[in-house]
2 protein chains.
Amino acid sequence: MSSFRAQKMAKKKQEILRSAAAVLVEKGYQGTTMEEIAAKLLMTKGSMYYYFKNKDDLLYQCHLMIMEICLDGIEKVIESDRNPIDKLRSAIKEHILLATSEKSMFMALSKPNLNFSEEQLQEVLELRKSYSQYFDRIIQEGIDKQVFDRVEVKMVRLIILGSLNWIQEWYDQNGPQSAEEISDAYADYLLKMVM
Amino acid sequence: MSSFRAQKMAKKKQEILRSAAAVLVEKGYQGTTMEEIAAKLLMTKGSMYYYFKNKDDLLYQCHLMIMEICLDGIEKVIESDRNPIDKLRSAIKEHILLATSEKSMFMALSKPNLNFSEEQLQEVLELRKSYSQYFDRIIQEGIDKQVFDRVEVKMVRLIILGSLNWIQEWYDQNGPQSAEEISDAYADYLLKMVM
DNA sequence: AATAATTTTAAACATACGTTCAAAAAATAA
DNA sequence: TTATTTTTTGAACGTATGTTTAAAATTATT
């Protein structure tokens, strides 16, 4: 069966995507080189082209992978049967823990319009929209159940996600506060905004 | 007197810095080319080197210029004799209006550690620290005067500035809400967090 | 073990961009 | 106007990096 080979190829692709994400976070889109992505895996840049059509394709798929991880996280939260307060708290914590521990891949999400084709951009924006809407749903549910104030959902969501996404700008693995502590504090203060 | 020439040179430098800021916002650090900076002013890239030593120097000074504008804004707020609520509200609004109307130069501030020399980096971090400390002072003043809750100053400041800085990621001149409306809403919700 | 399929390599190529420079153009001064 | 100084130009150069490719190395198959 050829699925063994296919599996092996898929695994390698995954490794490359993870390496790319790590470099992306550190260096930004333009600063990410094929050579550096390859070097992290002890390969040469040429072999990247056996797995991906070109740099844009690679970074686009990297983008998708990250978005899917995020979406998986929040979907679990949404589907749980907890109250809106716990859901929003969990969503915030989940986002921060992903953005800090998973090699802070979120930076890769910045300004996709600059680098992607129209088609790719649409897909990315669609996924982002889904992610935002999950937050909106949680907030709206809180309002409907009268545990949250009657806030403007979109504005509050923009504030919350903005503050979360900015963490990758200053977060340091070796800093004084752990991601866990940060996420707890963020959840506390951001919840105050809606209650 | 040679001050006429010097003045003219300074003016040209300013124009170049503004052009650089505009490109920086759109394209990011690595994506900003000397050619594009020059093209916006109907000049050739070669002439940039008559005014600046090199690209790094140009972008560094661009960075400084932006920081100074921001600092001027918040200094005025700090020095006013209003209460902490109004001060924090003003600081938030000021930041958003600068970040959106002044050709949203704030993007240029992202991840300076990747591009600057050690010396330049120290200067930038120093200015950033000053800016942050102004926010901290306002928050602390609010706590001391018992108009704010006893929040963790640093955490709250990180949340506030994070949410503000992220605006440039999605703000659109032609979008449904004006910068004025956005800044009002942000100030309202963020103030809820501390009161 | 021999053959075939696959993955990896290293070098070559193209291009984009930062930088330099000598000459031209423009501005100023005599 | 002529001479001098300042500013701009456009071409040239070097380097970094995305991409291609033919050959080598590795892995799988018979």
Side-chain angles (χ1 to χ4, degrees), chain A residues 1-63 108 112 114-117 120, chain B residues 1-63 108 112 114-117 120:
Chain A
M1 63 193 79
S2 73
S3 94
F4 175 68
R5 287 205 165 279
Q7 239 178 310
K8 211 175 152 191
M9 180 139 198
K11 187 186 167 193
K12 199 80 185 231
K13 277 191 184 178
Q14 278 292 322
E15 282 174 20
I16 294 174
L17 289 178
R18 290 198 159 273
S19 174
V23 181
L24 264 175
V25 172
E26 246 186 288
K27 305 290 177 71
Y29 205 102
Q30 316 274 354
T32 297
T33 68
M34 298 297 273
E35 195 140 29
E36 192 164 356
I37 294 169
K40 285 211 176 219
L41 302 168
L42 302 179
M43 303 170 81
T44 59
K45 62 178 174 176
S47 49
M48 302 289 100
Y49 290 84
Y50 183 73
Y51 297 96
F52 298 92
K53 206 165 89 246
N54 53 40
K55 180 183 174 184
D56 275 356
D57 179 41
L58 199 173
L59 295 190
Y60 169 62
Q61 292 194 225
C62 178
H63 222 90
L114 301 182
N115 311 287
F116 292 144
S117 72
Q120 292 172 327
Chain B
M1 60 192 77
S2 73
S3 95
F4 175 68
R5 290 205 163 279
Q7 238 178 312
K8 211 175 153 192
M9 179 137 202
K11 187 187 169 193
K12 200 80 184 231
K13 276 191 185 179
Q14 277 292 322
E15 281 173 21
I16 295 173
L17 289 178
R18 290 196 160 272
S19 174
V23 181
L24 264 176
V25 171
E26 247 187 287
K27 304 291 176 71
Y29 205 102
Q30 315 273 352
T32 297
T33 69
M34 297 298 274
E35 195 141 29
E36 193 165 354
I37 295 170
K40 286 211 175 218
L41 302 169
L42 303 179
M43 302 171 81
T44 58
K45 61 178 175 176
S47 49
M48 302 290 98
Y49 291 84
Y50 183 72
Y51 296 95
F52 297 93
K53 206 166 88 246
N54 53 38
K55 180 183 174 184
D56 275 356
D57 178 40
L58 200 173
L59 295 190
Y60 169 62
Q61 290 193 226
C62 178
H63 223 93
L114 302 181
N115 312 288
F116 292 144
S117 72
Q120 292 173 326

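Each chain gets a letter, A, B and so on, in the order its sequence line appears, and its residues count up from 1. Only heavy atoms go into these numbers, but all of them, side chains included; no hydrogens, no water, no symmetry mates.
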Problem set entry | CD on A:Gln61 to CD1 on A:Ile16, rounded to 0.5 Å | 10.5 Å

Problem set entry | Nearest-0.5 Å distance that lies between atom CD in A:Gln30 and atom CG in A:Leu59 | 10.0 Å

Exercise. Side chain of A:Thr32, backbone of A:Gly28: donor and acceptor closer than 3.5 Å?
Worked result: yes

Problem set entry | Main-chain N/O of B:Leu41 paired to B:Ser19 side chain as donor or acceptor, under 3.5 Å | no

Euclidean distance, atom [atom1] of residue [X] to atom [atom2] of [N] [Å, nearest integer]:
{"X": "B:Glu35", "N": "D:dA11", "atom1": "CD", "atom2": "C1'", "value": "13 Å"}
{"X": "B:Tyr60", "N": "C:dG18", "atom1": "OH", "atom2": "C1'", "value": "21 Å"}
{"X": "B:Lys11", "N": "D:dT6", "atom1": "NZ", "atom2": "P", "value": "20 Å"}
{"X": "A:Met34", "N": "D:dT20", "atom1": "CE", "atom2": "P", "value": "10 Å"}
{"X": "A:Gln7", "N": "C:dT6", "atom1": "CD", "atom2": "P", "value": "17 Å"}
{"X": "B:Glu15", "N": "D:dT7", "atom1": "CD", "atom2": "P", "value": "13 Å"}
{"X": "A:Met43", "N": "C:dT8", "atom1": "CE", "atom2": "P", "value": "4 Å"}
{"X": "A:Lys13", "N": "C:dT7", "atom1": "NZ", "atom2": "P", "value": "11 Å"}

Exercise. With a 4.5 Å heavy-atom cut-off, do B:Tyr51 and B:Asp57 have their side chains touching?
Worked result: no

Exercise. Do A:Leu17 and A:Phe52 come close enough that some side-chain heavy atom pair is under 4.5 Å?
Worked result: yes

Exercise. B:Met9 has a side chain; which of C:dT7, D:dT7, D:dT8 sits nearest to it?
Worked result: D:dT7

For this session: Name the closest nucleotide to the B:Lys8 side chain, picking from C:dT28, C:dG18, D:dG18.
Result: C:dT28

Exercise. Listed by chain and number, what are the side chain to side chain donor-acceptor pair (under 3.5 Å) partners of B:Ser117, not counting sequence neighbours?
Worked result: B:Gln120

Exercise. When we call it a touch if two heavy atoms are under 4.0 Å apart, what does A:Lys45 touch: a base, just sugar-phosphate, or nothing?
Worked result: base

Exercise. What parts of residues 47-57 of chain A reach DNA chain C, counting only heavy atoms under 4.0 Å away?
Worked result: A:Ser47, A:Tyr50, A:Tyr51

